[in-house]
Amino acid sequence: MQLLELSAVDLVTAIRQGDITAVQVAERFLDRIEKLNGPINAFLNVDREGALSRAADIDARRKAGKPLGPLAGLPIAVKDALCTADQPTTCASKMLAGFRPPYDADVVSRLRQADAVIVGKTNMDEFAMGGSNENSAFGPVKNPWDFTRAPGGSSGGSAACVAADMAPVAIGSDTGGSIRQPAGLCGITGLKPTYGRVSRRGLVAFASSLDQIGPMTRSAADAALVMETIAGHDRGDATSLADAVPRYTSMLEQPLTGLRIGRVAEHFGPGLDSEVARGVEEAFAAFKAAGATIHDVELPHAKYGITTYYLVAPCEASSNLARYDGAHYGHRAEPGRGHRAETGRGHQAASSGEFESPLVEMYCRSRAEGFGPEVKRRIMLGTYALSSGYYDAYYAKALRVRRLIRQDYLDAFQSVDLIGGPVSPTAAFPLGEKTSDPLAMYLVDMYTVGTNLAGIGGISFPCGFTKGGLPIGFQLQGPALSEPLLLRATDRYQQLTDWHRRRPKLPA
Ligand code: GLN
């Protein structure tokens, strides 16, 4: 089998056994990136030198008989929303162009400690706001299955690089679907862990009560391997869970007999593409054939998911993004003409009149220049919804509905172990199709936001292809800390089917 097609599990085994060196593996993937990143634009930064020197160090340590970490030599791409001290971290925003964080995100330190080889930082929607990767300040990512289509977002670069074999594993973040939706549209496996399972320290904050980091891989078995490294308690993230991290990889090999999977009738309502519906129904049938039972469940408040999410997330974003003021770090506007003319008559008089002081002018102009249109839209929506006259009507009410959405899941999980359904209403859509219609873009998240609002876990994986050759995604959602079950159910499905093994036709 081709090196590029080896699973992460097989790659680390081959390197540990000495069948192949970490340098050979890194070179092969870096060459692939060099070849394909031009057209696909999945990476914002590639660290060829750093990756090769880490790989060489791993080979030297192996030769010397020194102990190696569990991911030794495994190339990993990291979403550009995670801080890396040795590479720029931009969140695909002009606001952070060239920004170099002083520290590594907790997940990044854990990956390094496990001897993974970080090959680069992946493209995304600016500040993780979007569902198509078209909100990146550095150009959209192309879907490897069809370059005229979006890879999904916001972790579009992470999904595309795994789908195109530019890296066997990528790290993404999911606030309302940003791991699962691009994984679904690119035909890979994406796990959004339970809120708090993976530390958010060093993840550039979008909506802190929803954000969660997770693995994007070709299979559930590979996701299980990566989770053993990235999950775990971190004193630097107050919301991080203290629960022991299970040995996910050793919990896969169990039959699905008796597993109860819920099916929500509303998931198959208006808006769902018929080919996607067919693929999803076939996956239910496959689970049934594997010994699971399928049950109707209700999530009565799921229909308020999009409205609730698009209040809670922008409110938290408007607060989180207040830190980009041009003073601390990031983009700073050049002083305006009004300021240079300042003659000591006081700020008010010296400024152009539009701003109350040169400082305020600097804040405003830095933010106006640094943020893209979708980020500005979210900040305005959030600021409005949090303003004193509207706080109760919008933000407080959204929090109450969020509670009901969460309760729906808790009730449903009384009678089923997992809930299955589509990830997204359609397969990958054409680039440009939704860019002028924010609401249409928001609706893409209708099946994914509930997981984040409830703080539970979800996984997506390919369950078929459209006639046009685009992947169709299936989503499983499970109760808090059900990652072992989510991974096991997906792994079993992947033992019985081969959708996840299909690769897009790209130059060798
Ligand atoms: N598409 C959603 C949004 O635009 C989800 C983004 C995410 O999960 N980061 O907010």
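The structure displayed is predicted, hence computed values, not measured ones. Nothing fancy with the numbering, it's 1 onward along the sequence.
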Undergrad: If only atom types and distance count, is the side chain of Glu266 paired as donor or acceptor with the main-chain N or O of Ala302 below 3.5 Å?
TA: no

Undergrad: For Phe461 and Tyr493, take the angle between the two ring planes, folded into 0 to 90°, and tell me which bin it lands in: parallel under 30, tilted 30 to 60, perpendicular over 60.
TA: tilted

Undergrad: Rounded to the nearest 0.5 Å, how far does CG of Leu404 lie from CG of Leu299?
TA: 12.5 Å

Undergrad: Answer whether the closest heavy-atom distance between the side chains of Val245 and His233 falls below 4.5 Å.
TA: no

Undergrad: Does a side chain donor of either Ser173 or Gln212 reach within less than 3.5 Å of an acceptor in the other side chain?
TA: no

Undergrad: Do the side chains of Leu71 and Asp115 get nearer than 4.5 Å, heavy atoms only?
TA: no

Undergrad: Would you say the side-chain atoms of Thr89 pair up with the backbone N or O of Thr84, donor to acceptor, closer than 3.5 Å?
TA: yes

Undergrad: Going through the checks in order, is the side chain to side chain contact (heavy atoms under 4.5 Å, CB included) test met by Arg197 and Leu481?
TA: CA-CA 8 Å; Arg197 177 72 292 187; Leu481 295 179; 3.8 Å; yes

Undergrad: Run Val108 and Ile118 through side chain to side chain contact (heavy atoms under 4.5 Å, CB included) and show every step you take.
TA: CA-CA 9 Å; Val108 170; Ile118 296 173; 3.8 Å; yes

Undergrad: Are the side chains of Arg323 and Tyr329 in touch, meaning some heavy atoms are under 4.5 Å apart?
TA: yes

Undergrad: Apply salt bridge (charged side-chain N to carboxylate O under 4.0 Å, His left out) to Arg112 and list each qualifying residue two or more places apart in sequence or on a separate chain.
TA: Asp86, Asp104

Undergrad: So, Glu483 side chain and Gly457 main chain: donor-acceptor pair closer than 3.5 Å or not?
TA: no

Undergrad: Under 3.5 Å, is there a donor-acceptor pair between the side chain of Thr451 and the main chain of Thr448?
TA: yes

Undergrad: Less than 4.5 Å apart, side chain to side chain, heavy atoms only: is that true for Asp80 and Asn123?
TA: no

Undergrad: Strictly by ring pair (Phe, Tyr, Trp, His ring centres under 6.0 Å), give each pair with a member in residues 190-209 just once, sequence neighbours left out.
TA: none

Undergrad: Would you indicate whether the side-chain heavy atoms of Leu210 and Val312 approach each other to under 4.5 Å?
TA: yes

Undergrad: Are Asn143 and Cys186 close enough, and set up right, to give a side chain to side chain contact (heavy atoms under 4.5 Å, CB included), and what steps lead you there?
TA: CA-CA 7 Å; Asn143 190 311; Cys186 288; 4.0 Å; yes

Undergrad: Could you tell me which residues satisfy side chain to side chain contact (heavy atoms under 4.5 Å, CB included) with Tyr390, sequence neighbours excluded, listed by chain and number?
TA: Tyr384, Ser387, Tyr394

Undergrad: Residues two or more places apart in sequence or in another chain: which of them pass side chain to side chain contact (heavy atoms under 4.5 Å, CB included) with Ile230?
TA: Val107, Leu111, Ile171, Val198, Pro215, Val226, Met227

Undergrad: Enter the distance from Met95:CE to Arg332:CZ here, rounded to the nearest 0.5 Å.
TA: 11.5 Å

Undergrad: With distance as the sole test, does Ser155 use its side chain to make a donor-acceptor pair with the main-chain N or O of Gly172 at under 3.5 Å?
TA: no

Undergrad: Check Thr90 against Gly98 and note the closest heavy-atom contact, atom names and distance.
TA: CG2-N, 3.9 Å

Undergrad: Show me the donor-acceptor pairs, under 3.5 Å and distance only, between side chains in residues 36-50 and residues at least two apart or in other chains.
TA:
from, atom 1, to, atom 2, distance (Å)
Asn37, OD1, Ala42, N, 2.8
Asn37, OD1, Phe43, N, 2.9
Asn37, ND2, Phe43, O, 3.2
Asn41, ND2, Phe138, O, 3.1
Asn41, ND2, Gly139, O, 3.2
Asn41, ND2, Pro140, O, 3.0
Asn45, ND2, Gln87, OE1, 2.8
Asp47, OD1, Gly50, N, 3.0
Arg48, NH1, Asp31, OD1, 3.3
Arg48, NH1, Glu34, OE1, 3.3
Arg48, NH2, Asp31, OD1, 3.0

Undergrad: Find the distance between CE (Met124) and NZ (Lys79) and round it off to the nearest 0.5 Å.
TA: 4.5 Å

Undergrad: Is the backbone N or O of Val360 less than 3.5 Å from a side-chain atom of Arg365, with the two atoms forming a donor-acceptor pair by type?
TA: no

Undergrad: Side chain of Glu228, backbone of Tyr248: donor and acceptor closer than 3.5 Å?
TA: yes

Undergrad: List the residues meeting side chain to side chain contact (heavy atoms under 4.5 Å, CB included) with Arg403, not counting sequence neighbours, and say none if there are none.
TA: Arg406, Gln407

Undergrad: Tell me, with the steps shown, if Leu453 and Tyr309 meet side chain to side chain contact (heavy atoms under 4.5 Å, CB included).
TA: CA-CA 7 Å; Leu453 290 166; Tyr309 171 82; 4.2 Å; yes

Undergrad: Which pairs with one or both residues in residues 418-434 pass side chain to side chain donor-acceptor pair (under 3.5 Å), sequence neighbours excluded?
TA: none

Undergrad: What distance separates Ser109 OG from Asp234 CG, expressed to the nearest 0.5 Å?
TA: 8.5 Å

Undergrad: So, Arg201 and Asp106, do they make that salt bridge, N to O below 4.0 Å?
TA: yes

Undergrad: Going by salt bridge (charged side-chain N to carboxylate O under 4.0 Å, His left out), name the residues that satisfy it together with Arg502, two or more places apart in sequence or in a different chain.
TA: none

Undergrad: So do the side chains of Lys376 and Glu374 get within less than 4.5 Å of each other, counting heavy atoms only?
TA: no

Undergrad: Could you label the plane-to-plane angle of the Tyr409 and Phe413 rings as parallel, tilted or perpendicular, counting under 30° as parallel and over 60° as perpendicular?
TA: parallel

Undergrad: Could you note down all residue pairs passing salt bridge (charged side-chain N to carboxylate O under 4.0 Å, His left out) where residues 175-196 supplies at least one of them, sequence neighbours left out?
TA: Asp174-Arg180

Undergrad: With sequence neighbours left out, write down each residue that passes salt bridge (charged side-chain N to carboxylate O under 4.0 Å, His left out) with Asp146, or none if nothing qualifies.
TA: Arg149

Undergrad: Would a distance-only check, ignoring hydrogens and angles, find a side-chain to backbone donor-acceptor pair under 3.5 Å from Asn135 to Asp125?
TA: no

Undergrad: Say whether Glu126 and Ser154, considering side chains only, have a donor N or O and an acceptor N or O under 3.5 Å apart.
TA: no

Undergrad: Any donor and acceptor pair, going by atom type alone, linking the side chain of Arg200 with main-chain N or O of Asp237 inside 3.5 Å?
TA: no

Undergrad: Side-chain contact, heavy-atom cut-off 4.5 Å: Val117 with Phe29?
TA: no

Undergrad: Compare all side-chain heavy atoms of Gln181 with those of Val444 and state whether any distance is below 4.5 angstrom.
TA: yes

Undergrad: Between Phe127 and Phe371, how do the two ring planes meet: parallel, tilted or perpendicular, split at 30° and 60°?
TA: perpendicular

Undergrad: Could you check whether any side-chain N or O of Ser219 sits under 3.5 Å from a backbone N or O of Asp222, counting only pairs where one atom can act as donor and the other as acceptor?
TA: yes

Undergrad: What residues, two or more places apart in sequence or in another chain, satisfy side chain to side chain contact (heavy atoms under 4.5 Å, CB included) together with Ala327?
TA: Asp325, Met362, Tyr363

Undergrad: With sequence neighbours left out, write down each residue that passes salt bridge (charged side-chain N to carboxylate O under 4.0 Å, His left out) with Arg218, or none if nothing qualifies.
TA: Asp165

Undergrad: For Met441 versus Ser132, what's the shortest heavy-atom pair and its separation?
TA: CE-OG, 3.3 Å

Undergrad: Could you tell me the separation between the OH atom of Tyr395 and the CZ atom of Arg402, rounded to the nearest 0.5 Å?
TA: 8.0 Å

Undergrad: Hey, could you give me the CG/OG distance between Asp211 and Ser208, rounded to the nearest 0.5 Å?
TA: 5.5 Å

